[in-house]
Amino acid sequence: MQRATITPDRPSTREQLLTLLKKSEGLTADQLARMLGITSMAVRKHLTTLERDGLVTTSLLRRKIGRPARLYRLSAQADALFPQQYDAMLTDVLRDLAELDGPAKVDLLLRRRVERAGQTLARELEGTPTLRERVRKLAETLDALGYYTTWEQLDGETFRLCQYHCPIRQVAANFPTTCDAEVELYRALLRADIERRCHLASGDPCCSYLIRAPQAVAIAAS
């Protein structure tokens, strides 16, 4: 399941809690309540949910006077909610590699990445005899991987698959080999003709693929 990331411009109470914990070595519910200007009870309700979701951990803070208090910290899992620079860093590394060893080495690495992804997708599509079932299963698997994918059947042998998010969009924009390799992979997995109509890396709102059974392509061409 994909979790929403932090939105700095209009943060919710939950997001404010996460940000305060991110900028600390641990805080109690009472401290968080004072910082947010809300009741401790309201803060504890949010913290209970965050702990249930695996985003917050707790420990006992022993004090010289009074009862121990629960100290809340972010879990390592919560890091994924905050802005990351993996795509930009990977792009820089690939550019350096192209300068040092040539673009062919970069192309090889990107194709090997797609091949590894293809092994996972192939296992998910195993036992899907019809093109419709293969398209549906591929879309569901890509959606679960964070590509925000939809699909539809246009006619008996024609389908459209759309991906509204690309986890490596900056890499794809600078190294089109990865997108070309993905088209080849989908063609092999679906055992169908595939034509890319829209491209996120080129500024389109999604990556859109027109998928047709081989016999349907042959009939259209005749």
Side-chain angles (χ1 to χ4, degrees), residues 1-12 14-16 18-23 50 53-56 74-125 137-151 160-190 194-209:
M1 180 178 66
Q2 297 297 310
R3 291 194 179 94
T5 55
I6 299 296
T7 53
D9 52 340
R10 296 177 64 87
S12 64
R14 169 189 167 101
E15 291 173 339
Q16 291 180 68
L18 290 167
T19 301
L20 288 172
L21 290 172
K22 183 71 170 174
K23 293 181 177 180
L50 292 171
D53 292 343
L55 301 176
V56 164
L74 289 188
S75 68
Q77 192 173 332
D79 271 351
L81 300 178
F82 294 86
Q84 308 291 334
Q85 297 294 326
Y86 300 138
D87 195 19
M89 182 185 72
L90 178 57
T91 300
D92 288 342
V93 169
L94 291 174
R95 283 173 175 161
D96 289 342
L97 180 62
E99 290 181 7
L100 292 171
D101 286 354
K105 180 64 68 66
V106 175
D107 288 349
L108 177 61
L109 287 176
L110 291 173
R111 288 187 177 277
R112 289 184 65 178
R113 171 196 167 269
V114 173
E115 288 172 4
R116 283 194 297 271
Q119 294 172 4
T120 300
L121 293 172
R123 287 193 294 270
E124 293 294 331
L125 267 66
K137 191 64 177 178
L138 177 62
E140 290 177 354
T141 305
L142 290 172
D143 190 60
L145 292 173
Y147 285 82
Y148 291 84
T149 309
T150 64
W151 72 282
R160 179 165 49 222
L161 184 144
C162 297
Q163 296 170 192
Y164 291 91
H165 178 67
C166 177
I168 56 167
R169 185 169 182 168
Q170 189 170 337
V171 172
N174 286 274
F175 301 95
T177 294
T178 188
C179 297
D180 296 339
E182 283 185 350
V183 174
E184 295 172 11
L185 172 63
Y186 297 164
R187 188 175 289 125
L189 289 170
L190 298 175
I194 296 181
E195 178 185 351
R196 187 171 62 209
R197 293 293 185 88
C198 299
H199 195 202
L200 273 168
S202 300
D204 294 325
C206 68
C207 284
S208 174
Y209 302 94

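We use all heavy atoms of the structure for the numbers below, so side chains are in, but hydrogens, waters and symmetry mates are not.
- Residues S208 and R160 approach most closely at OG-CD, 3.5 Å, considering heavy atoms.
- Between the CG atom in L189 and the NZ atom in K137 there is a gap of 13.0 Å [rounded to 0.5 Å].
- Not a single ring pair (Phe, Tyr, Trp, His ring centres under 6.0 Å) links Y147 to another residue, sequence neighbours left out.
- Every residue two or more places apart in sequence or in another chain was checked for a side-chain hydrogen bond (donor to acceptor under 3.5 Å, both in side chains) with Q170, and none qualifies.
- Residues forming a salt bridge (Lys or Arg N to Asp or Glu O under 4.0 Å) with R187 (at least two apart in sequence, or on another chain): none.
- Listed by chain and residue number, R136 satisfy the side-chain hydrogen bond (donor to acceptor under 3.5 Å, both in side chains) test with E140 (two or more places apart in sequence, or in another chain).
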Less than 3.5 Å apart, which donor and acceptor atoms pair up between the side chains of residues 99-112 and the rest of the protein, not counting sequence neighbours?
| residue | atom | partner | partner atom | Å |
| --- | --- | --- | --- | --- |
| D101 | OD2 | K105 | NZ | 3.4 |
| D107 | OD1 | T177 | OG1 | 2.7 |
| R111 | NH1 | E184 | OE1 | 3.1 |

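- The distance from atom CG of L161 to atom CG of L142, rounded to the nearest 0.5 Å, is 6.5 Å.
- Considering only residues two or more places apart in sequence or on other chains, Y86 meets the side-chain contact (heavy atoms from CB on, under 4.5 Å) condition with Q84.
- To the nearest 0.5 Å, the span separating CD on Q16 from CZ on R14 amounts to 13.0 Å.
- Taking all atoms of both residues into account, the shortest heavy-atom contact from C179 to A172 is SG-CB, 3.5 Å.
- Looking only at distances, no side-chain donor or acceptor of E124 sits under 3.5 Å from a matching main-chain atom of L121.
- Closest non-hydrogen pair, Y164 versus P205, comes out as CD2-O, 3.7 Å.
- For L74, the side-chain contact (heavy atoms from CB on, under 4.5 Å) test picks out L18, L21, K22, V56, A78, F82, with sequence neighbours left out.
- Taking the side-chain contact (heavy atoms from CB on, under 4.5 Å) definition, one finds that R169 meets it with D87, C166, L200, sequence neighbours left out.
- Taking D204 as the reference, C198, H199 meet the side-chain contact (heavy atoms from CB on, under 4.5 Å) condition, with sequence neighbours excluded.
- Considering only residues two or more places apart in sequence or on other chains, R196 meets the side-chain hydrogen bond (donor to acceptor under 3.5 Å, both in side chains) condition with none of them.
- With sequence neighbours excluded, the residues that form a side-chain hydrogen bond (donor to acceptor under 3.5 Å, both in side chains) with E195 are R197.
- Two residues are said to be in side-chain contact when any heavy atoms from C-beta on lie closer than 4.5 Å; T91 and R95 meet this criterion.
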Under the criterion side chain to side chain contact (heavy atoms under 4.5 Å, CB included), I'd like the reasoning laid out for L190 against L125: C-alpha separation, chi angles, the key distance, then a yes or no. CA-CA 9 Å; L190 298 175; L125 267 66; 4.2 Å; yes

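- Distance check: F175 CZ to L90 CG gives 8.0 Å after rounding to the nearest 0.5 Å.
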